[in-house]
Asker: 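Have a look at this one before I ask anything.
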Amino acid sequence: MNNPVHGDLIDGKAISALVLSEVGAAVSALREQGVHPALAVVLVGDDPASHVYVRNKVLRAEETGIRSIEHRLPAETAQSVLLDLIGQLNADPAINGILVQLPLPAHIDETRVLEAINPAKDVDGFHSSNVGGLSQGRAVLTPCTPAGCMRLLEQTCGTLAGKHAVVIGRSNIVGKPMAALLLQADCTVTVVHSRSIDAPALCRQGDIVIAAVGRPRMINASWLKPSAVVIDVGINRIEEDGKSRLVGDVDFASALPLVSAITPVPGGVGPMTIAMLMSNTVRAARQQHISHTQAVSATEQACLTTS
Ligand code: GUN
């Protein structure tokens with residue numbers, strides 16, 4: 001869908017289905033080589049939203065042929081127990097990807113836990129080694145939500161080079177990696193945050209706007225350049241007219257007639273995040289298989305030369 005007409009919807013469900021079918025084909029190819037990609041999902045505590053996210057991740061994994069192994073731990077789990085589990089998963093050659101669902105209970109040091117994951121199995125792309133690699137433009141495992149947004153933009157806009165992209169929000173999970181990916185795609189990038197001066201004026205410069213602030217309908221038409229492509233990362237639950245509903249960070253009704261294309265909530269970025277997690281898992285499995293094959297062949301070579 002290149003050159004979108006005004007008010008196009010960017011269909012995250014359809015584009016994620018495309019990604020998942022590519023993943024399914026890659027899983028089949030790996031299985032023919034004797035590799036069965038496997039994802040370990042670790043959930044600590046009983047945050048209801050986290051339980052829903054984890055269930056969806058496990059379901060999608062099964063649909064694409066990825067083996068998923070769930071580890072559910074009680075909220076009072078000691079940090080040392082969680083670190084031990086990560087150590088076991090790191091050492092298990094049958095596990096290719098490790099995901100620790102966030103947020104973790106307050107007594108657990110999130111950074112310590114994320115840094116304990118082997119970067120080669122870090123399918124969330126949160127380990128500092130992968131974060132550093134991304135900022136240097138190396139091909140590393142990349143955080144799933146920003147990677148999903150890039151895929152939506154590539155399908156919608158075609159070339160991104162030279163476009164002015166405005167990222168609203170600077171979280172480690174979305175805003176910062178998003179800015180790095182857009183820069184790597186040769187966009188001019190502005191990051192707007194809570195201390196920015198005149199955020200609406202900065203945002204109006206964007207040919208591309210990525211909203212990732214977590215505030216329901218904060219960005220309305222007055223923040224947007226006509227013809228902007230808008231990616232709404234927000235998933236906010238609100239009560240309205242006596243009903244509970246999900247809305248984005250963008251006021252969809254006011255933005256839709258103005259902009260060239262926009263993601264709906266739900267059905268935009270959400271399905272892409274899970275699809276990119278599956279894509280990262282297959283990538284990790286393929287890379288680990290290549291590294292293992294190379295290591296075996298180097299050992300064989302060494303045996304031959306010494307015998
Ligand atoms: N919690 C909210 N988003 C995410 C995510 O992308 N990965 C993990 N591990 N936890 C999350």
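Counting starts at 1 for both ligands and their atoms, following the listed order. When a residue number appears, it is its place in the shown sequence, counting from 1.
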Asker: Would you say the side-chain atoms of Gln101 and Lys57 include a donor-acceptor pair closer than 3.5 Å?
Answerer: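 The criterion, which ignores hydrogens and geometry beyond distance, is satisfied for Lys57 and Gln101.
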
Asker: At the 4.0 Å heavy-atom cut-off, does Phe126 count as touching ligand 1?
Answerer: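 Heavy atoms of Phe126 do come under 4.0 Å of ligand 1.
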
Asker: Judged on heavy-atom distance to atom 6 (O) of ligand 1, which of Leu114, Leu104, Asp124, Leu43 sits nearest?
Answerer: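 Among Leu114, Leu104, Asp124, Leu43, the closest heavy atom to atom 6 (O) of ligand 1 comes from Asp124.
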
Asker: Does a side-chain N-to-carboxylate-O contact under 4.0 Å join Glu240 and Arg217?
Answerer: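 A salt bridge is present here (some side-chain N lies under 4.0 Å from a carboxylate O).
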
Asker: Could you tell me the residue and atom name of the protein heavy atom closest to atom 11 (C) of ligand 1, and the distance to it rounded to 0.1 Å?
Answerer: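 It is Gln101 NE2, 3.4 Å.
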
Asker: Between Ser279 and Glu22, do the side chains contain a donor N or O and an acceptor N or O under 3.5 Å apart?
Answerer: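 No, no side-chain donor-acceptor contact under 3.5 Å.
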
Asker: Any side-chain to backbone donor/acceptor pair from Lys163 onto Asp207? Under 3.5 Å, distance only.
Answerer: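 Pair absent, no side-chain N/O of Lys163 close to backbone of Asp207.
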
Asker: Check whether the side chains of Arg67 and His36 place a donor and an acceptor atom closer than 3.5 Å, and report yes or no.
Answerer: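 Arg67 vs His36: no donor-acceptor pair found between side chains.
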
Asker: Identify the protein heavy atom lying closest to atom 10 (N) of ligand 1, giving its residue, its atom name and the separation to 0.1 Å.
Answerer: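 I find the closest protein heavy atom is Leu102 N, 3.0 Å.
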
Asker: Could you list the atoms of ligand 1 found under 4.0 angstrom from a heavy atom of Leu99?
Answerer: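 Counting from 1, the qualifying ligand atoms are 9 (N).
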
Asker: Are any of the N or O atoms of Val100 closer than 3.5 Å to those of ligand 1?
Answerer: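 Yes, since at least one N or O of Val100 sits under 3.5 Å from an N or O of ligand 1.
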
